[in-house]
Amino acid sequence: MAGHSKFKNIMHRKGAQDKKRSAMFSKLSREITVAAKMGMPDPDMNPRLRLAVNAAKAQSMPKDNIQRAIDKASASDGENYEEVRYEGYGPAGVALIVEALTDNRNRTATNVRTAFSKNGGNLGSEGSVSHGFDRKGLIEYPAGAGDEEKVLEAAIEAGADDVESSEDGHSIWTAAEDLHAVATALEAALGAADSVKLAWKPNITVAIDEAAAGTLLKLVDALDDDDDVQTVWGNYEIPDEIMERLG
C-alpha cells in the first residue's frame, strides 16, 4: 500500500474530456445503454450499470438523459453496440490501449488506425501491449475529500490495494473484482467519488520528452474525439513542466 506517487492520470490529461460536453454525454449514454442491455435495467441489480450511472452523475449529466439511455436498452429499434479493444504504440514507444463501443467495427477500426498513423503511432494486434498492463479497479477522489493520511486509512479499511495521492487528488486502486465493494465502503467514509471504473494500469511508466509529448497528446486527442472511443489508456508519464508548456 503506497501513500504517495508521482504517477499521473494515464487515462488522459485532466480536463481534456471537458472540451466537448455533448460528446462526453454521448459516450456516457452509450455506456449506460450497453450496461443496461447486458443485465438488469436497475442500477441496484446491475453493477456495471451502477458504475455507468455514477460516472454520468459525476459529470453532472441530467437525470432525464440517464433515464433515456437506460430506456434505449429495451427499445426494439435501439442500436446494438459491441465492445472492442485496440492496442498499439504511440511516439517514443508509448503503449496505448483504446476501448470503444461501436455499432460498426469497420468504421471504428479505420478511424483508430488513421489516428495512429497520422500522429506518429502504429496500431498493433490485440494483446500486443496489454501484457504490460493490469486490469484493475480505479476510484478517484478530489483533493478536498481529505488529506493523504485520511484517504490512505479509509482505503486500507475498505480493502483497496494501493493509493496514489497528489495535489490534484487521490487515485485508489483495487482488484477488478473488488471494485464495487471497495467503492461502496469508501463512499461511506469519504463521500461520493469523482469516478469509479475499471482501468488498465501499466506495470511500468515511460517518461517522455517535450517533442514526443506534443505528438502523443495529438494522438490521444484524435482518438478521444472519435464518438466510438470510450477511453484511452497509456503507460506514459509527462513531467508537470512539460505539460504546462504544452498547455
Side-chain angles (χ1 to χ4, degrees), residues 4-28 55 59 84-102 107-134 136 138 140 142-143 164-171 173 194-195 197 199-247:
H4 179 76
S5 171
K6 296 177 78 172
F7 180 79
K8 304 300 179 189
N9 180 350
I10 45 79
M11 185 176 75
H12 193 18
R13 64 190 190 277
K14 290 185 181 298
Q17 290 184 330
D18 294 333
K19 291 186 305 179
K20 298 178 181 176
R21 199 162 187 78
S22 61
M24 178 177 64
F25 281 176
S26 175
K27 295 185 182 192
L28 291 166
Q59 297 298 334
V84 188
R85 186 175 84 236
Y86 302 95
E87 303 179 25
Y89 292 94
V94 165
L96 295 173
I97 295 177
V98 182
E99 295 179 309
L101 290 174
T102 180
R107 178 193 66 222
T108 308
T110 298
N111 290 348
V112 170
R113 186 177 293 107
T114 299
F116 270 89
S117 63
K118 285 187 174 181
N119 295 281
N122 292 288
L123 187 62
S125 58
E126 186 169 333
S128 58
V129 305
S130 56
H131 59 82
F133 293 74
D134 291 323
K136 305 282 283 184
L138 174 60
E140 294 179 307
E164 291 155 348
S165 296
S166 71
E167 61 184 20
D168 295 324
H170 310 277
S171 296
W173 295 92
D194 273 353
S195 70
K197 59 193 169 225
W200 290 97
K201 184 180 184 182
N203 298 323
I204 299 173
T205 56
V206 178
I208 56 178
D209 62 23
E210 188 166 348
T215 306
L216 174 64
L217 292 178
K218 287 179 182 177
L219 169 55
V220 175
D221 280 339
L223 291 166
D224 200 47
D225 284 344
D226 189 276
D227 290 342
D228 297 334
V229 172
Q230 292 293 104
T231 322
V232 181
W233 303 95
N235 67 345
Y236 59 90
E237 185 171 340
I238 302 175
D240 290 340
E241 59 271 18
I242 291 178
M243 283 300 303
E244 287 172 11
R245 286 198 294 271
L246 293 173

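Distance CG/L123 to OG1/T110: 10.5 Å, rounded to 0.5 Å. Atom CG of D224 is separated from atom CG of L217 by 11.5 Å, given to the nearest 0.5 angstrom. Expressed to the nearest 0.5 Å, how far NZ of K27 lies from CD of Q230 amounts to 6.5 Å. To the nearest 0.5 Å, the span separating OG1 on T231 from CG on L223 amounts to 11.5 Å. For the atom pair L216 CG and D209 CG, the distance stands at 11.0 Å (nearest 0.5 Å). The CD atom of E126 lies 10.0 Å from the OH atom of Y86; values are rounded to the nearest 0.5 Å.
Here the closest non-hydrogen pair linking V229 and V232 is CG1-CG2, 3.9 Å. P202 and G234 get closest at one heavy-atom pair: CG-O, 3.9 Å. Between S128 and G88 the shortest heavy-atom distance is OG-N, 4.5 Å. Nearest heavy-atom pair across A199 and W173 is CB-CZ3, 3.8 Å. What you find for E87 and S130 is that their closest heavy atoms are OE1-N, 2.8 Å. Of all heavy-atom pairs spanning I208 and A213, the tightest one is CD1-CA, 3.7 Å.
Contact check for L138 versus S195: no side-chain heavy atoms found under the 4.5 Å cut-off. When side chains are defined from C-beta on, F116 counts as touching L219, because their heavy atoms get closer than 4.5 Å. Here the side chains of N203 and D134 are in contact, with some heavy-atom distance below 4.5 Å. No side-chain heavy atom of K118 sits under 4.5 Å from any side-chain heavy atom of K218. Taking 4.5 Å as the limit, some side-chain heavy atom of Y236 sits within range of a side-chain heavy atom of L96. Looking at heavy atoms from C-beta onward, V112 lies out of side-chain contact with V84 at the 4.5 angstrom threshold.
With N119 contributing its side chain and T215 its backbone, the two residues share no donor-acceptor pair below 3.5 Å. D228 places no side-chain N or O within donor-acceptor distance of the main-chain N or O of T102, the cut-off being under 3.5 Å.
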Q. Checking salt bridge (Lys or Arg N to Asp or Glu O under 4.0 Å) for the pair K201/E164: CA distance, chi angles, key distance, verdict?
A. CA-CA 12 Å; K201 184 180 184 182; E164 291 155 348; 3.8 Å; yes

Q: Determine, step by step, whether V129 and I97 satisfy the side chain to side chain contact (heavy atoms under 4.5 Å, CB included) criterion, reporting the C-alpha distance in whole Å, the side-chain angles of both residues, the deciding distance to 0.1 Å, and the verdict.
A: CA-CA 7 Å; V129 305; I97 295 177; 3.9 Å; yes

